[in-house]
Amino acid sequence: QVQLVESGGGLVQAGGSLRLSCTASGRTFNKYTMGWFRQAPKKEREFVTFIRRSGDTTVYADSVKGRFTISRDSAKNTVYLQMNSLKPEDTAVYYCAADLDDYGGYRPLLTRTEPYDYWGQGTQVTVSS
């Protein structure tokens, strides 16, 4: 069992930055591919980014490419999401998720919510215009 706890959300003006953190319990953090998803009001949860358990592969949604960066620190059991040049349309609850199977980094699968085994409670990000 893995517990994920997100932090770092808040209110920021358009063009600003935030860094989200997601800390995992347990000693198996290195076995998980980690993803970030977001859900805006009245919308489905959507993929933002993932980083493979090896840390050598990252994938981003087109909407955040070049603005967001995912990274992981195995010593701290933590995955980060650095968000720059934020836009009002980035407003959402952001969730981190852990996937044990990795699926060889297969993007069509890891960009969906179904493969992920564990989810955090979410952290609100609000970007004002």
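Side-chain contact between Trp36 and Glu6 is present, with heavy atoms from C-beta onward closer than 4.5 Å. The side-chain heavy atoms of Thr111 and Phe37, taken from C-beta on, include no pair separated by under 4.5 Å.
Side chain of Thr91 to backbone of Val127: a donor-acceptor contact under 3.5 angstrom is found.
One hydrophobic cluster holds both Leu86 and Leu20 under the rule that ILVMFWY side chains link at heavy-atom gaps under 4.5 Å. Placement of Val79 and Tyr116 in two distinct hydrophobic clusters is found when ILVMFWY residues are connected by side-chain heavy-atom separations under 4.5 Å, directly or transitively. Residues Tyr103 and Phe47 share a single hydrophobic cluster, defined by chaining ILVMFWY side chains whose heavy atoms lie under 4.5 Å apart. No single ILVMFWY cluster, assembled from side-chain heavy atoms under 4.5 Å apart, contains both Tyr95 and Val125. Linking Ile, Leu, Val, Met, Phe, Trp and Tyr whenever their side-chain heavy atoms come within less than 4.5 Å puts Tyr60 and Leu18 in one cluster.
When only modelled atom types and interatomic distance are considered, Thr78 and Thr23 share a side-chain donor-acceptor pair under 3.5 Å. Side-chain polar atoms of Thr33 and Asp99 form no donor-acceptor pair below 3.5 angstrom.
None of Gln82, Lys76, Met83 except one satisfies the side-chain contact (heavy atoms from CB on, under 4.5 Å) rule with Tyr80; the exception is Lys76. No option in Val59, Thr69, Leu81 other than Leu81 meets the side-chain contact (heavy atoms from CB on, under 4.5 Å) test with Thr49.
Closest approach of Arg53 and Asn30 over heavy atoms only: CB-O, 3.2 Å. Contact record, Arg72 with Phe29: NH2-O, 3.0 Å, taken as the closest heavy-atom pair. Here the closest non-hydrogen pair linking Leu4 and Ala24 is CD2-CB, 3.6 Å. For the pair Arg52 and Asp56, the tightest heavy-atom approach, listed with the atom from each and the gap, is CB-OD1, 4.4 Å. Closest of all the heavy-atom pairs between Asn84 and Ser17 is OD1-OG, 2.9 Å. Taking each heavy atom of Pro115 and Leu109 in turn, the nearest pair found is CG-O, 3.2 Å.
Under 4.0 Å is where a charged nitrogen must lie from a carboxylate oxygen, and between Lys65 and Asp62 at least one such pair does.
Annotation for Gln3: atom CD does not count as buried by contact number, only 12 or fewer foreign heavy atoms lying within 6.0 Å. In Gln13, the CD atom is not crowded: 12 or fewer heavy atoms of neighbouring residues, nucleotides or ligands sit closer than 6.0 Å.
Atom NZ of Lys31 sits about 13.0 Å away from atom OG of Ser74, to the nearest 0.5 Å. Between the OH atom of Tyr32 and the OH atom of Tyr118 there is a distance of 4.5 Å, given to the nearest 0.5 Å. With rounding to the nearest 0.5 angstrom, the OH atom of Tyr106 is 11.0 Å from the CZ atom of Arg112. Note: Ser7 OG to Arg19 CZ = 9.0 Å, rounded to the nearest 0.5 Å. For the atom pair CG (Asp90) and CZ (Arg38), the distance works out to 5.0 Å, reported to the nearest 0.5 Å.
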*Could you walk me through whether Val2 and Thr28 pass the side-chain contact (heavy atoms from CB on, under 4.5 Å) test, one step at a time?*
CA-CA 8 Å; Val2 174; Thr28 58; 4.2 Å; yes
